[in-house]
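As the structure is a prediction and not an experimental result, all values here were calculated from the model. Numbers for residues simply follow the sequence, beginning at 1.
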Amino acid sequence: MSRHFLRDDDLTPVEQAAVLDRAAALKADHFALRPLQGPRVVALIFDKPTLRTQLSFTVGVAELGGQPMTVDGRLAQIGSRESIADVTRVLDRQVAAIVWRTYEQANIEQMAAHSAVPVINALTDDFHPCQILADLLTIREHKGTLAGLTMTYVGDGANNMAHSYLLGGATAGMHVRIGAPGTHQPRADIAERAAEIAAHTGGSVQITDDPVAAVVAADVVITDTWVSMGQEAEAGDRKGAESPFAKYAVDGALVSHADDHAIVMHCLPAYRGFEISADVIDGPQSVVWDEAENRLHAQKAVLSFLLES
Ligand code: CP
């Protein structure tokens with residue numbers, strides 16, 4: 001049985017800490033681990049747009065000694081041209097691991113159920129666990145620790161990033177706050193699961209529709225686009241004059257309520273003037289370029305961990 005990384009709570013708190021330690025070691029020495037030496041091939045399948053994820057997995061697989069193979073989801077048409085199960089049976093006889101960015105979480109779970117090699121979630125509608133590992137590594141670098149810190153996410157609380165911050169942050173023992181309109185709050189089952197994890201790690205979960213209450217004294221302030229991939233038809237409502245997210249924009253006024261030494265994060269791509277102001281994302285508290293780089297190190301760490309497991 002292979003281990004998979006489909007959602008943030010697929011790693012226990014101990015495993016998550018070990019993966020972050022491994023990521024830090026790989027950042028210090030990019031070629032310290034070569035589990036894909038051969039080279040063995042890793043399939044990178046993208047049904048949605050990408051820059052950072054394709055880049056960091058391509059570089060990461062190469063640095064681990066392997067050969068990345070990008071599959072354009074429009075060509076493979078997984079689930080319509082042929083079943084997820086049949087695609088997986090073809091892939092897992094030839095590749096060392098499968099990385100998939102797709103829509104429904106149920107689809108990647110189906111792939112994992114049929115796969116003899118590790119399957120990694122490179123973003124679904126529900127979760128973006130690789131991004132959260134990179135974010136936790138970034139926070140640890142800047143703050144020296146994770147447990148006990150307050151990490152606030154403001155914006156669309158119903159999207160994949162909010163869900164992954166809940167699960168990944170709780171696993172790390174953080175106090176996770178979500179500030180989002182009542183119409184766009186996290187899925188109840190995910191919030192409950194995060195609270196359950198936090199009860200064991202010393203963290204906590206708080207969900208509010210008050211952006212200032214969410215941000216006050218926070219150590220980390222995070223936001224994400226108001227229009228996630230697949231929601232393009234709703235862009236007018238989400239970004240227009242009546243946007244439900246307008247008062248959750250991360251600007252200087254909102255960040256002023258956070259701790260004086262708070263850092264600001266955004267997984268990118270960012271839309272200045274909407275979810276985040278230019279002066280904040282380009283200002284001294286922003287760590288977004290470290291965050292983008294850390295995708296490489298975090299993903300190498302989790303991929304090599306899964307290959308060993
Ligand atoms: N943050 C992130 O996943 O970036 P891409 O969509 O460009 O891969």
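- There is a side-chain donor-acceptor pair under 3.5 Å between Thr138 and Asn294.
- The two atoms that bring Thr53 and Arg295 nearest to each other are OG1-NH2, 2.8 Å, heavy atoms only.
- The aromatic ring centroids of His30 and His297 lie less than 6.0 Å from each other.
- Judged purely by distance below 3.5 Å, without hydrogens or angles, the side chains of Gln105 and Thr124 pair a donor atom with an acceptor atom.
- A 6.0 Å sphere centred on CD of Gln37 holds more than 12 heavy atoms belonging to other residues, nucleotides or ligands.
- Nearest heavy atom pair, residue Pro35 against residue Arg40, reads O-NH1, 3.1 Å.
- Looking only at side-chain heavy atoms (C-beta outward), Ile281 and Val264 stay at 4.5 Å or farther from each other.
- Contact check on Arg89 versus Asp86 returns a salt bridge, with a Lys/Arg side-chain nitrogen under 4.0 Å from an Asp/Glu carboxylate oxygen.
- At least one side-chain heavy atom of Arg238 sits under 4.5 Å from a side-chain heavy atom of Asp156.
- Side-chain contact annotation: Gln131 with Asn160, donor-acceptor N/O pair under 3.5 Å absent.
- Side-chain contact check for Asp135 and Tyr165: at least one donor-acceptor pair (N or O, by modelled atom type) lies under 3.5 Å.
- Counting heavy atoms from C-beta on, the side chains of Leu254 and Val280 never come closer than 4.5 Å.
- Side-chain atoms of Trp226 and Asn159 include no donor-acceptor pair closer than 3.5 Å.
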